[in-house]
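Note that these values count all heavy atoms, side chains included, but never hydrogens, waters or copies made by symmetry. Here the structure is a predicted model, which means the values were calculated and not measured.
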Amino acid sequence: MPASPQTASEPRWFKSSYSGGNATECLECANVVHSALIRDSKYDHRGPIVSIGSEAWGRFIGALSGH
């Protein structure tokens, strides 16, 4: 996952490289200044977006990777 914030007015969403072939079962993430945005890919821009502070997101990713 990219760790640097994006400066564009619209977030650049990405899916994990571990996502399966079924496009209806995946989360997307966008890194923006001071937070990470998470959404369900099947709803695209129409669904809810969860914003997680960058410090909390970093701890979460660190815990997943064992650091």
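Considering all non-hydrogen atoms of both residues, Asp40 and Cys26 come closest at OD1-O, 3.6 Å. Nearest approach of Arg46 to Lys42, heavy atoms of both residues: NH2-O, 3.4 Å. Of all heavy-atom pairs spanning Pro48 and Arg39, the tightest one is O-CB, 3.8 Å. When every heavy atom of Cys29 is checked against every heavy atom of Trp57, the shortest pair comes out as SG-CZ2, 3.8 Å.
Distance CG/Asn31 to CD1/Ile52: 10.5 Å, rounded to 0.5 Å.
Under the 4.5 Å side-chain criterion, counting only non-hydrogen atoms from C-beta, Ile49 is in contact with Trp13.
A distance-only check finds no donor-acceptor pair linking the side chain of Ser35 to the backbone of Val32 [under 3.5 Å].
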